[in-house]
Amino acid sequence: MDTLVDNLDLWSGALANTVLLFFVSGLMALVLGFVVGAMRVSPVPIARAVGTAYVNLVRNTPLTLIFFFFALGFPALGVADLSYTTLAILALGFYTATYVAEALRSGINTVPVGQAEAARAIGLSFGQVMTLVVLPQAVRSVVPPMMSVLIALLKNTTVAAGFSVFELGAMRANLSERGEPAMVVLLWIAAFFVVMVLLLSWLQRTLETRWKVIR
């Protein structure tokens, strides 16, 4: 307990940054993932091709290499001078969006084709069919896999510690300089992540129960 209490300044900052990384990159992943997921089932060949290429390329690239690109390659482009935290958010969001897109695509495939065809028959555009007919049903069916993606994202935030981002994954190195035992620090880090994952699991059960009633 002393390891936690005596270093509350570091723990609070690290936890806040972990939560920041998770929420902002998660929001980015959801928005980008929904766009890519829609492209993957689009009737426009070029949209499907771009969506497929993006998913296959990024999803099959190790996350560490994605981080290296944003941490080293992105600044070399001279587009903007961004902090390592911002670059970590971009890397996490860019990578996780591929899994969001595939989870959403699996949900879209559960919606009967006849419903989309009926919607198009009454004059709705592809965008209207997706937003008014398909996605509301698809989202309900992908709550478990989508939450698994978000849980994986939460744990992936620790990769940012290797790229000069101060978050929970960096606590062992920081507290070792204060003479704290490494194993105790690692156990506290694990405890924080267990609590956060349990909160996400509770949210999953809540959403499943609510949307099962609505359905």
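FYI, the numbering just counts along the sequence from 1. In this text, all values refer to a predicted model and were calculated from it rather than measured experimentally.
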note = Sequence neighbours excluded, the answer for ring pair (Phe, Tyr, Trp, His ring centres under 6.0 Å) partners of F70 is F74, F94
request  = Compare all side-chain heavy atoms of S148 with those of I151 and state whether any distance is below 4.5 angstrom.
outcome  = no
remark   = Residues S141 and P144: closest non-hydrogen pair is O-CD, 4.2 Å
inquiry  = Applying a strict under-4.5 Å side-chain criterion to I, L, V, M, F, W and Y, I'd like to know whether L186 and V197 cluster together.
reply    = yes
task = For the residue pair V185 and W11, establish whether any side-chain heavy-atom pair is separated by less than 4.5 Å.
result = yes
message = Do T157 and V19 make a side-chain contact, defined as non-hydrogen atoms from C-beta onward lying under 4.5 Å apart?
response = no
ask   = Does CZ in F192 sit with more than 12 non-hydrogen atoms of other residues, nucleotides or ligands closer than 6.0 Å?
value = yes
task = Grab the two heavy atoms, one from A88 and one from A160, that are nearest each other, plus how far apart they are.
result = CB-CB, 4.0 Å
message = Nearest 0.5 angstrom please: M171 CE to F166 CZ, how far?
response = 5.0 Å
Within-4.5 Å side-chain heavy-atom neighbours: L20 and S25 = no
task = Establish whether L57 and M39 are linked, either directly or via other cluster members, by ILVMFWY side-chain heavy-atom contacts under 4.5 Å.
result = no
R48 side chain to S42 backbone, donor-acceptor under 3.5 Å = yes
ask   = Would you say the ring centroid of F67 lies under 6.0 angstrom from that of F163?
value = yes
key: Heavy-atom side-chain contact between V55 and V36 under 4.5 Å   = yes
query = Checking side chain to side chain contact (heavy atoms under 4.5 Å, CB included) for the pair L30/T96: CA distance, chi angles, key distance, verdict?
reply = CA-CA 8 Å; L30 288 173; T96 307; over 6 Å; no
request  = Grab the two heavy atoms, one from L32 and one from Y54, that are nearest each other, plus how far apart they are.
outcome  = CD2-OH, 3.3 Å
message = Distance check, rounded to the nearest 0.5 Å: M147 atom CE versus L207 atom CG?
response = 5.5 Å
task = Of all the heavy-atom pairs spanning T52 and R40, show the shortest one and how long it is.
result = OG1-NH1, 2.6 Å
query = OG1 of T61 to CD1 of I66: how many Å apart, nearest 0.5 Å?
reply = 5.0 Å
query = Any side-chain donor-acceptor pair under 3.5 Å between S83 and T86?
reply = yes
query = So how far is it from L168 CG to T158 OG1, rounded to the nearest 0.5 Å?
reply = 9.0 Å
key: Residues R205 and E208 bridged, charged N to O under 4.0 Å   = no
message = Tell me whether V35 shares a hydrophobic cluster with I46, the cluster being built from Ile, Leu, Val, Met, Phe, Trp, Tyr side chains joined at under 4.5 Å.
response = yes
request  = Following the transitive rule for hydrophobic clusters with a side-chain heavy-atom cut-off under 4.5 Å over Ile, Leu, Val, Met, Phe, Trp and Tyr, establish whether M28 and F23 coincide in one cluster.
outcome  = yes
key: Pair L200-F22, side chain to side chain contact (heavy atoms under 4.5 Å, CB included): steps then yes or no   = CA-CA 12 Å; L200 290 175; F22 171 70; 3.9 Å; yes
Transitive ILVMFWY side-chain link M196 to W202, under 4.5 Å = yes
query = Which heavy-atom pair separates G169 from A161 by the least distance, and what is that distance?
reply = C-CB, 3.5 Å
task = Working to the nearest 0.5 Å, report the span between CG of L21 and CG of L153.
result = 9.0 Å
key: Spacing of CG belonging to L90 relative to CG belonging to L82, to within rounding of 0.5 Å   = 6.5 Å
message = Is any side-chain heavy atom of L92 closer than 4.5 Å to one of L63?
response = yes
inquiry  = Restricting to non-hydrogen atoms, name the atom on M146 and the atom on A103 that form the minimum distance, rounded to 0.1 Å.
reply    = CE-CB, 4.2 Å
